[in-house]
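Notes follow once the structure below has been shown.
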Number of protein chains: 2
Amino acid sequence: MAIRSDGVLKHDRLLHVAMEVFAKKGFHDATVAEICEAAEANIAAVNYHFGGKEQLYAEVWALAFADAHRTYPVDGGLPATAPATQRLRAVIHSLLSRILRHGPHSHAGLILLQEMARPVEGIRQVRRQAIALVRKHLELTVRELLGPKVSDQSVRLCVMSVVNQCLTIGFRGGQKPPSLGEGPFTEQEIDELIEHVHRFSLGGIRAVRRQETALCGAT
Amino acid sequence: MAIRSDGVLKHDRLLHVAMEVFAKKGFHDATVAEICEAAEANIAAVNYHFGGKEQLYAEVWALAFADAHRTYPVDGGLPATAPATQRLRAVIHSLLSRILRHGPHSHAGLILLQEMARPVEGIRQVRRQAIALVRKHLELTVRELLGPKVSDQSVRLCVMSVVNQCLTIGFRGGQKPPSLGEGPFTEQEIDELIEHVHRFSLGGIRAVRRQETALCGAT
DNA sequence: GACTAATTGAAACAACCATTTAAAATATGG
DNA sequence: CCATATTTTAAATGGTTGTTTCAATTAGTC
C-alpha cells in the first residue's frame with residue numbers, strides 16, 4: 001500500500017510550523033504541544049511523523065539551512081574574482097539578512113542563534129558543518145583583505161570580529177535593541193546596518209593589517 | 001528572638017552557590033534542586049530563605065554586579081581625562097574580563113549573557129540599569145573618538161559593534177570557540193583578545209569618522 | 001465496494017519542576 | 001534549663017513536559 005497523501009501533507013505542515021516556532025523560541029522553549037496546535041495536528045503527530053522532538057528539530061535544521069543558502073548565499077551571487085571588499089559586504093549582507101529579514105525562508109539565522117545560546121546535543125555535527133561553510137568563505141575574503149603577510153591567528157580573530165558583530169544584532173529575534181529604538185528593523189535600517197558593519201569591519205581589518213605588516217617590516 | 005547565625009550562613013551559602021550555577025546554566029536551566037544540593041541544603045531552603053527561585057535570582061544579580069563593578073570597573077581606574085583610546089581599551093578589558101576570567105567575583109558577565117539569550121521577566125529594570133551603566137560610559141568614549149561632527153546614530157552603531165564583539169566571545173561560557181582551539185582561554189589569550197578587539201575597534205571607529213567628516217565637508 | 005495499511009485522535013503515562021506543608025530539630029534569650 | 005522563634009527536614013502537591021498506547025478513522029489498492 002502506498003503512502004497516503006494527507007500524511008505527507010501533515011508531515012510538511014509540521015515541518016514548516018516547527019521551523020517558525022523553533023526560530024522564535026528555540027528548541028528547549030518550544031513545546032511539541034504548541035507546534036502541533038499551530039499545525040492543527042494532534043499531540044502525537046510529532047512522534048508519529050518524526051519519531052520525537054529532537055528528530056523533528058534535526059529535519060527543521062537541515063531544511064532551514066538549505067533555504068537560507070538558497071535565499072541568501074554567502075557569496076551574494078558574486079564571482080570569486082570580485083573585489084574582496086565587495087565580497088565582504090556580501091557576506092555581511094547574507095548574515096544579517098538571514099537573521100533580520102523575516103520572510104518564509106529566513107528562519108535559519110534565528111535557529112542558529114538559538115543554538116549558539118543553548119546548543120542541542122545531538123546536532124553538533126550538523127551545526128558545525130553549517131557554521132564551517134560560512135566561516136570558510138569569510139576566512140578567504142578576510143585573508144585577501146589582510147594581505148599575505150598576516151598570521152592565521154589574526155585572520156581568525158578578524159573573522160570573529162565580523163561574525164560577532166552580525167550575530168549579536170539578531171539576539172532579540174529581529175527586534176531592535178532598546179538603544180536603537182523599538183520594534184523590528186525596517187528594510188532601510190537593515191541596509192544602514194549592513195553599511196555600518198561593512199565600513200566598521202573594513203576599518204578594523206585595515207588597522208590589523210597595518211599593524212602586522214609594520215611589525216614584519218621592522219623585523 | 002534574634003536571627004540565628006546558622007541561618008545567615010545558609011543564606012549566604014545559597015547565594016554564592018546559586019551565583020555559580022546561574023552563571024553556568026542560566027536562570028531557566030538551573031534547578032533549585034541542584035542549587036540546594038550543591039549548597040548542602042534542603043530543597044525547601046530556597047523558598048524559605050528567598051521566597052522563590054526568581055527572588056533568589058534577583059539577589060544573585062545584584063550581588064554579582066556589585067562584585068563585577070568592583071573587580072572590573074568600566075573605566076579600569078583611569079581618570080576621565082585619560083586619552084580616549086586608552087579608555088576604550090579599559091572598557092574592552094572590563095567587558096572581556098567579566099566574561100572570560102573565572103574568578104570568584106566574575107560571574108556577572110556570564111549571568112548577563114544568559115539574560116540576553118533568554119531574558120527573565122521581572123528583572124527588566126535591574127537588567128536595564130546594569131547595561132545602561134556600561135553603555136553610558138562607552139558612548140562617551142566612542143563619541144570622543146568619533147569627533148564632534150558625527151551623528152548620534154553613528155555613535156550608537158559603533159558602540160554596538162564594540163559591545164557585540166566582546167559579548168559574543170563569551171558565548172560558550174568562557175570556553176574557546178572551535179575555531180580558536182579547545183578549552184578555556186588562558187590569561188595570555190585573553191590579553192591577545194583584548195589587544196585585537198581594541199585595535200579592530202579603533203580602526204572601525206576611525207573609518208566611520210573619516211566617512212562622516214568627509215560627507216560633512218562635502219556639504 | 002471491501003480489505004489493508006497508513007494516519008489520526010483522546011487519554012494516559014512517566015519524568016521533571018517549583019512550591020507548599022507541617023512536623024521535627026535547633027539555636028538563642030531569659 | 002526552659003520557652004520560643006528560627007531553621008531544617010521529608011513528603012506531598014500541582015503543573016508542565018515529551019512520549020506512549022490503542023482504538024477509531026481514513027485513504028489507497030485489489
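Both backbone and side-chain heavy atoms feed into the values below; hydrogens, waters and symmetry mates do not. Residue numbers begin at 1 in each chain, while the letters A, B, ... track the order of the sequences. If you're wondering where the values come from, they're calculated on a predicted model, not measured in any experiment.
Straight-line distance from the CG atom of B:Asn47 to the P atom of D:dT7: 15 Å, rounded to whole Å. Put simply, CG on B:Leu9 is 16 Å from P on C:dT26, counting in whole angstrom units. Computed from coordinates, the A:Tyr48 OH to D:dA24 C1' distance equals 14 Å when rounded to whole Å. Residue B:Glu37 contributes atom CD, which lies 11 Å from atom P of C:dC17 at whole-angstrom precision. Whole-Å rounding puts the A:Lys53 NZ to D:dT16 P distance at 15 Å. For A:Lys10 and D:dT25, the NZ to P distance is 17 Å, given to the nearest whole Å.
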Taking only distance into account, with no hydrogens and no angle test, what donor-acceptor pairs under 3.5 Å do side-chain atoms of residues 166-183 of chain A form with protein atoms, sequence neighbours excluded?
residue, atom, partner, partner atom, Å
A:Thr168, OG1, A:Asn164, O, 2.8
A:Thr168, OG1, B:Thr168, OG1, 2.4
A:Lys176, NZ, A:Glu182, O, 3.4
A:Lys176, NZ, A:Glu189, OE1, 3.4
A:Lys176, NZ, A:Glu189, OE2, 2.9

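Ranking D:dT19, D:dA10, D:dT8 by closeness to the B:Ala44 side chain, first place goes to D:dA10. The side chain of A:Ile43 approaches D:dT19 more closely than any other nucleotide in the set D:dT7, C:dT19, D:dT19.
B:Ala45 and B:Cys36 make their closest contact through CB-SG, 4.4 Å (heavy atoms, listed as atom of the first residue, atom of the second, distance).
With contacts defined as side-chain heavy-atom distances shorter than 4.5 Å, the pair A:Val163/A:Val159 qualifies. B:Leu110 places none of its side-chain heavy atoms less than 4.5 Å from the side chain of B:Lys24.
Residues B:Phe22 and B:His107 keep their aromatic ring centres 6.0 Å or farther apart.
Residues A:Ser154 and A:Ser151 have side chains that bring a donor and an acceptor to within less than 3.5 angstrom of each other. If you check the side chains of B:Gln86 and B:Arg89, you find no donor sitting under 3.5 Å from an acceptor.
Dashed line: the shortest gap from a side-chain N or O of A:His49 to OP1 or OP2 of C:dT8 is under 4.0 Å. Checking the phosphate oxygens (OP1, OP2) of C:dA10, a side-chain nitrogen or oxygen of A:Asn42 falls inside 4.0 Å.
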What verdict does the side chain to side chain donor-acceptor pair (under 3.5 Å) test give for B:Gln153 and B:Arg156, after you've listed the backbone C-alpha separation in whole Å, the side-chain angles of each residue and the deciding distance to 0.1 Å? CA-CA 5 Å; B:Gln153 176 70 354; B:Arg156 280 191 290 267; 3.1 Å; yes

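A donor-acceptor pair under 3.5 Å links the side-chain atoms of B:Thr71 to the main chain of B:Asp67, judged by distance alone.
Within residues 14-31 of chain A, the residues that place at least one heavy atom under 4.0 Å from DNA chain D are, in residue-number order, A:Ala30, A:Thr31. Listed in residue order, the members of residues 56-63 of chain A having a heavy atom less than 4.0 Å from DNA chain D come to none.
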